[in-house]
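Predicted, not measured: the structure shown is a model, and the values here were computed from it. All heavy atoms count here, side chains included; hydrogens, waters and symmetry mates do not.
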Amino acid sequence: MKRSIFALISSVAVLGAALAGCGGQPAAKPADQSQQGQTQAQSATQPAPAEKPKEPQVLRWNLHSEPPTGDPGLAEDTTSAAITKAVFDGLTRIGPSGKPEEAVAEKIDVSSDLKTYTFTLRDSKWSNGEPVTAHDFEYAWKRALDPKTASNYAYQLYYIKNAEKANKSEAKLDDVGVKAVDDKTLKVELENPTPFFLELTAFQTYFPVNKKVVESTPNWAGDAKTHLGNGPYKMEVWDHKSKMVLVKNDNYWDKDSVKLDKIEFSMVEDENTELSMFENGEIDWAGSPMSSLPTDAMPALKDSGKLQVKPVGATYWYKFNTEKPPFNNVKIRKAFAYSINRQILIDNVLQANQQPAMAAVPPTMALNPDGYFKDNDQETAKKMLEEGMSELGISKLPAVTLVYNTSEGHKKIAEAIQDQWRKNLGVEVKLENQEWKVYLETMHEGNYQVGRLGWSGDFNDPINFLELFKEKNGGNNDTRWENPKFKELLNQSATEGDPEKRKAILREAEQIMMDEMPIMPIYFYTHTWVKNDKVKGVFQDGLGAIDWKWASIE
């Protein structure tokens, strides 16, 4: 997702007194041992002492930064996605098995041609007690596709019949292949058989929203007082840029599976501070997937045995704005991509067992495990630079600006790459950091030359990494790059039923993208974190998405 990934990692270790309220519950007072000398007769005549009330289960977490939205139709980044997953539920949900399981849908029927899905909904409610109906899903999906909504994730619905045309104003929303037959039945028609469709229905863009609330309260999703979901938790507090509190939703259909009473989120951007909060017992988890651990702390955390590491289906890359010089020249883009030494970056800066990325698609679903170019290929980089400058008619590269969202980790990566580009290409690179929400707007508006982003898969298929770049003006493209042959291959893959032939088509498409280099892959992610041993059941899928539904404090 944009899953514009937070592979974050920040500086300054100053713990503000304002954060002291994030501390945990006091320990239960031990029983008074002086009364153990009571006689058996006394204990027989006196009533048994009342059982002490059970301590609330409260999980304390740091979000690193403000979620840009609590609206599943607009959520496009890791933080917003995690929060919406906590407070909403889809037709399906990715469970601890790692596979989609029935959620709001209790029964799913698929036609013999694999193009029509009929979802029968169970009795479920919104957090205000109103029933969730099939109409809520139809409304939510068509709302996300409505061009007026400007959802950057609308393309995730393009697998539905006429969805792409509707989003591009080439068809009416009424023509989209989703229809509430009645309150409990949702019928969905697809353009083509889509083997991962039940993974998609577990994704936030497919979550329902309440039409009455959405249309009566424009800022419904940004205020805890008006936010309405149907998930395991509901929003109780949202003090912007400060804290968020989610509490168990007693109207959730599967509330018996939810063990936590409350999740308290702080929003501290500095990873050193976050780690200090963890070590002081003020939060129960530090690091991925909502933040990152300080790179300088990695060796000690490894030695202590506390560090947990998990490879995930995600790629960290830099995007080039292919409409702004000098990156409107493909050879210049290649020179910048070939000239960096990814392995040194991993060994000396990241230090968390990441893999160098010479492709866009991660190893868990790789189309070409060997990649499409060599790491640290200085000879080819210099050749590409010389030819590219000649084509642009320049004798010296102008200064380049690299932007990244605020994080000590992104800063260290940027500084290391800045140094490599200076030494290897002779180019001066200016670094600029921006707050997350502002940064996303900068990227989407194309106000950059080179920018940091990453991608964590929304579902386990390589198309999810390639389709980002299908359309020049696609919601999550940002590079302004488009290639007719690349687009044709992606369309061809959608109708190819043979898995091996489809893989070959997608490999050819990825080859085109790596030949034109609108992005510069840097490394494949690992998630690294430390946690309180009492925290159990926090589920992270193979793509790095987190779900607190089954979490508990033991």
Side-chain angles (χ1 to χ4, degrees), residues 1-3 76 110-111 113-117 141-142 144-147 151-173 175-178 188-201 203 205-206 313 315 319 322 330 359-362 365-368 372 455 457-519 521:
M1 170 167 287
K2 200 179 259 97
R3 296 193 163 203
E76 58 175 293
V110 186
S111 63
D113 66 358
L114 307 179
K115 291 171 67 175
T116 301
Y117 285 69
W141 297 7
K142 289 180 176 178
L145 287 167
D146 189 338
S151 169
N152 285 325
Y153 250 132
Y155 70 86
Q156 203 67 283
L157 295 153
Y158 284 4
Y159 301 96
I160 301 169
K161 185 177 180 181
N162 290 325
E164 181 174 6
K165 290 180 180 177
N167 187 236
K168 295 179 177 178
S169 301
E170 297 170 2
K172 297 177 181 178
L173 288 170
D175 297 330
V176 176
V178 54
V188 183
E189 296 179 81
L190 305 182
E191 291 280 3
N192 300 292
T194 306
F196 45 81
F197 188 64
L198 294 181
E199 288 186 59
L200 284 171
T201 53
F203 186 68
T205 317
Y206 284 76
T315 311
K319 289 184 175 182
T322 63
V330 62
V361 179
M365 54 190 93
L367 297 167
N368 182 0
Y372 299 89
W455 193 259
D458 301 323
F459 51 92
N460 194 34
D461 192 279
I463 189 68
N464 185 231
F465 285 77
L466 302 179
E467 67 185 353
L468 295 171
F469 307 97
K470 182 178 178 182
E471 303 281 354
K472 177 178 181 177
N473 296 313
N476 286 321
N477 188 335
D478 302 329
T479 67
R480 304 298 197 265
W481 175 80
E482 188 176 271
N483 180 288
K485 179 62 175 176
F486 178 80
K487 187 186 296 190
E488 178 188 328
L489 288 167
L490 295 193
N491 290 337
Q492 188 180 338
S493 75
T495 57
E496 178 53 67
D498 184 298
E500 288 305 313
K501 289 181 180 177
R502 179 176 179 270
K503 184 175 181 179
I505 292 168
L506 293 176
R507 186 187 301 117
E508 185 179 350
E510 188 177 28
Q511 178 74 64
I512 289 172
M513 189 165 78
M514 291 295 94
D515 283 344
E516 298 204 5
M517 206 68 75
I519 62 167

Within the structure provided, determine whether [X] and [Y] are in side-chain contact (heavy-atom separation under 4.5 Å).
{"X": "Leu506", "Y": "Leu490", "answer": "yes"}
{"X": "Lys142", "Y": "Asp146", "answer": "no"}
{"X": "Val188", "Y": "Trp141", "answer": "yes"}
{"X": "Trp481", "Y": "Ile519", "answer": "no"}
{"X": "Asn491", "Y": "Lys470", "answer": "yes"}

Is the number of heavy atoms from other residues, nucleotides or ligands under 6.0 Å of Lys165 NZ greater than 12?
no

Take atom NZ of Lys161 as the centre, draw a 6.0 Å sphere, and report whether it contains more than 12 heavy atoms from other residues, nucleotides or ligands.
no

Check whether [X] reaches the backbone of [Y] with its side chain - one donor and one acceptor, N or O, closer than 3.5 Å.
{"X": "Gln156", "Y": "Leu200", "result": "no"}
{"X": "Thr315", "Y": "Ala360", "result": "yes"}
{"X": "Glu189", "Y": "Gly177", "result": "no"}
{"X": "Asn192", "Y": "Thr495", "result": "no"}
{"X": "Lys472", "Y": "Asn477", "result": "no"}

N-O pairing of Glu471 and Lys168 below 4.0 Å:
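Salt bridge between Glu471 and Lys168, a charged N being under 4.0 Å from a carboxylate O: yes.
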
Asp461 bridged to Arg502 by N-O distance under 4.0 Å
yes

Carefully, step by step, assess Tyr159 and Phe197 under the rule ring pair (Phe, Tyr, Trp, His ring centres under 6.0 Å).
CA-CA 8 Å; Tyr159 301 96; Phe197 188 64; 7.7 Å; no

Closest contact, heavy atoms only, Ala163 versus Val176
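Closest heavy-atom pair between Ala163 and Val176: CA-CG2, 4.2 Å.
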
Nearest heavy-atom pair of Thr479 and Pro518: which atoms, and what distance?
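Heavy-atom minimum between the residues: CG2-O, 3.6 Å.
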
Please walk me through it: do Asn162 and Lys172 pass side-chain hydrogen bond (donor to acceptor under 3.5 Å, both in side chains)?
CA-CA 9 Å; Asn162 290 325; Lys172 297 177 181 178; over 6 Å; no

Once you measure the plane-to-plane angle for Tyr153 and Trp455, does it fall in the parallel (<30°), tilted (30-60°) or perpendicular (>60°) bin?
tilted

Option from Asn464, Leu466, Asn368 for which side chain to side chain contact (heavy atoms under 4.5 Å, CB included) with Val361 holds
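Running side chain to side chain contact (heavy atoms under 4.5 Å, CB included) over Asn464, Leu466, Asn368 with Val361 returns exactly one hit, Leu466.
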
Would you say the rings of Phe469 and Phe486 are close, in the sense that their centroids are separated by under 6.0 Å?
no

Can you tell me if Tyr155 and Asn167 form a side-chain donor-acceptor pair at under 3.5 Å?
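There is no such pair between these side chains.
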
Report the residue from Glu510, Arg507, Gln511 that forms a side chain to side chain donor-acceptor pair (under 3.5 Å) with Tyr372.
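Answer to the side chain to side chain donor-acceptor pair (under 3.5 Å) test with Tyr372 among Glu510, Arg507, Gln511: Glu510.
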
